[in-house]
Trainee: 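I'd like to ask you about the structure that follows.
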Amino acid sequence: MNNEDLLLECTRQIEESIDFEFFKALFDPVRCDIMKYLAINGRKNIKDISENFTQDRSVISRHLDLMYRYGIVDKIKESRNIYYQLNDKYILEKFKITTDNLKKMIQV
């Protein structure tokens, strides 16, 4: 393989090893703050969450929807309320999978 082919192969392996969309969703500054809030305070509804942030409730709601879509939070509906909680097991599993994949790639 020439250098260009090696670079392309390495790029392909990295893209397959890392869920970049998940990590982009995870590491947005506002979403990180929401994660910290939920980690400290546990399950909360949108009203409770948004009262602790400067952004409008609709903005926080969009962040939570995206976080739900990527598995970062769980939604629990109880009567007319929707509660959000951190999906810590899933987040940790994503880090483990990524780390394991990168270890395999680096050790080859």
Side-chain angles (χ1 to χ4, degrees):
M1 276 189 169
N2 63 35
N3 283 345
E4 188 174 316
D5 290 339
L6 287 172
L7 180 62
L8 288 172
E9 177 61 18
C10 184
T11 301
R12 185 192 65 74
Q13 287 180 12
I14 289 171
E15 288 173 356
E16 288 177 1
S17 298
I18 302 170
D19 185 346
F20 286 104
E21 295 303 313
F22 170 82
F23 287 106
K24 280 196 305 191
L26 186 70
F27 290 125
D28 173 87
V30 174
R31 291 190 282 272
C32 282
D33 288 341
I34 293 170
M35 284 190 336
K36 288 180 218 171
Y37 174 80
L38 291 173
I40 292 166
N41 297 288
R43 186 174 81 154
K44 295 291 178 188
N45 64 24
I46 183 67
K47 179 183 176 293
D48 293 335
I49 296 168
S50 62
E51 286 175 349
N52 290 278
F53 293 90
T54 57
Q55 295 83 358
D56 287 342
R57 182 175 167 158
S58 64
V59 173
I60 297 299
S61 181
R62 284 195 296 273
H63 280 295
L64 287 165
D65 284 343
L66 184 73
M67 293 168 77
Y68 175 73
R69 202 171 335 141
Y70 283 98
I72 298 166
V73 296
D74 290 323
K75 275 187 196 181
I76 299 102
K77 184 168 176 136
E78 289 181 5
S79 67
R80 298 180 72 184
N81 285 310
I82 295 176
Y83 292 91
Y84 295 89
Q85 66 185 28
L86 204 55
N87 189 352
D88 54 338
K89 288 179 182 154
Y90 181 74
I91 295 167
L92 293 173
E93 183 62 22
K94 282 296 240 185
F95 273 95
K96 183 182 179 325
I97 290 168
T98 301
T99 303
D100 291 347
N101 287 340
L102 289 173
K103 280 181 187 174
K104 286 179 206 170
M105 191 176 73
I106 290 169
Q107 292 174 354
V108 172

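Residue numbers count from 1 along this sequence.
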Trainee: What distance do N87 atom CG and K94 atom NZ have between them, rounded to the nearest 0.5 Å?
Mentor: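 Here the interatomic distance stands at 11.5 Å.
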Trainee: What is the distance from atom OG1 of T99 to atom CD1 of I18, rounded to the nearest 0.5 Å?
Mentor: 9.5 Å
Trainee: Could you tell me the separation between the CG atom of L66 and the CG atom of D28, rounded to the nearest 0.5 Å?
Mentor: 8.5 Å
Trainee: Report the residues that fulfil salt bridge (charged side-chain N to carboxylate O under 4.0 Å, His left out) with D48, sequence neighbours left out, ordered by chain and then residue number.
Mentor: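 Partners of D48 under the salt bridge (charged side-chain N to carboxylate O under 4.0 Å, His left out) test: none.
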Trainee: Just by distance, do the side chain of D56 and the backbone of S58 share a donor-acceptor pair under 3.5 Å?
Mentor: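 Judged by distance alone, no pair lies under 3.5 Å.
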Trainee: For the CD1 atom of I49 and the CG atom of L64, what is their distance to the nearest 0.5 Å?
Mentor: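 The CG atom of L64 is 4.5 Å from CD1 of I49, to the nearest 0.5 Å.
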Trainee: Flag yes if F27 and V30 sit in one hydrophobic cluster, no otherwise; membership is Ile, Leu, Val, Met, Phe, Trp, Tyr, and two members link when side-chain heavy atoms are under 4.5 Å apart.
Mentor: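 Linked within one cluster.
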Trainee: Same cluster or not: are F95 and L38 linked, directly or through other Ile, Leu, Val, Met, Phe, Trp or Tyr residues, by side-chain heavy atoms under 4.5 angstrom apart?
Mentor: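 In one cluster: yes.
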Trainee: Report the C-alpha separation of M35 and L26 in whole Å, then their side-chain angles, then the decisive distance to 0.1 Å, and conclude whether the side chain to side chain contact (heavy atoms under 4.5 Å, CB included) test is met.
Mentor: CA-CA 9 Å; M35 284 190 336; L26 186 70; 3.2 Å; yes
Trainee: Go through the steps to decide whether E21 and K24 satisfy the test salt bridge (charged side-chain N to carboxylate O under 4.0 Å, His left out), and finish with yes or no.
Mentor: CA-CA 5 Å; E21 295 303 313; K24 280 196 305 191; 3.1 Å; yes
Trainee: With a sphere of 6.0 Å drawn around CD of E4, does it hold more than 12 non-hydrogen atoms of other residues, nucleotides or ligands?
Mentor: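 Counting neighbours around CD of E4, 12 or fewer heavy atoms of other residues, nucleotides or ligands fall under 6.0 Å, so no.
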Trainee: Let me see the working for D100 and K96 under salt bridge (charged side-chain N to carboxylate O under 4.0 Å, His left out), right down to the final yes or no.
Mentor: CA-CA 6 Å; D100 291 347; K96 183 182 179 325; 2.7 Å; yes
Trainee: Can you tell me how far CG of N52 sits from CD1 of I34, rounded to the nearest 0.5 angstrom?
Mentor: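 Between atom CD1 of I34 and atom CG of N52 there are 10.5 Å.
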Trainee: For a 4.5 angstrom cut-off between non-hydrogen side-chain atoms, does D74 reach Y90?
Mentor: no
Trainee: Got more than 12 heavy atoms from elsewhere within 6.0 Å of CZ, F22?
Mentor: yes
Trainee: Evaluate the criterion side chain to side chain contact (heavy atoms under 4.5 Å, CB included) for residue pair I46 and I60; output intermediate values, then yes/no.
Mentor: CA-CA 8 Å; I46 183 67; I60 297 299; 3.7 Å; yes
Trainee: Can F20 be reached from I91 by stepping across I, L, V, M, F, W or Y side chains whose heavy atoms are under 4.5 Å apart?
Mentor: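 Same cluster: I91 reaches F20 through Ile, Leu, Val, Met, Phe, Trp or Tyr contacts under 4.5 Å.
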Trainee: Is a donor on one side and an acceptor on the other found under 3.5 Å between the side chain of S61 and the backbone of R57?
Mentor: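 No, the answer is negative, given that no donor and acceptor are paired below the 3.5 Å cut-off.
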Trainee: Centroid separation under 6.0 Å, is that true for the rings of Y70 and F23?
Mentor: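 No, they do not, as the ring centres are separated by 6.0 Å or more.
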Trainee: Does R31 reach the main-chain N or O of A25 with its side chain, forming a donor-acceptor pair under 3.5 Å?
Mentor: yes
Trainee: For the atom pair OH (Y84) and NZ (K75), what is the distance rounded to the nearest 0.5 Å?
Mentor: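 Nearest 0.5 Å value for the OH-NZ distance: 4.5 Å.
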Trainee: Determine whether D33 and K36 satisfy the following criterion, salt bridge (charged side-chain N to carboxylate O under 4.0 Å, His left out), listing intermediate values before the conclusion.
Mentor: CA-CA 5 Å; D33 288 341; K36 288 180 218 171; 3.5 Å; yes
Trainee: Is there a continuous path of hydrophobic side-chain contacts, each under 4.5 Å between heavy atoms, that joins I97 to L102?
Mentor: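 Each belongs to a different hydrophobic cluster.
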Trainee: Would E51 and K47 count as a salt bridge (charged side-chain N to carboxylate O under 4.0 Å, His left out) here? Give the steps.
Mentor: CA-CA 6 Å; E51 286 175 349; K47 179 183 176 293; 2.9 Å; yes
Trainee: Y83, L86: one ILVMFWY side-chain cluster at the under-4.5 Å cut-off?
Mentor: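 Different hydrophobic clusters.
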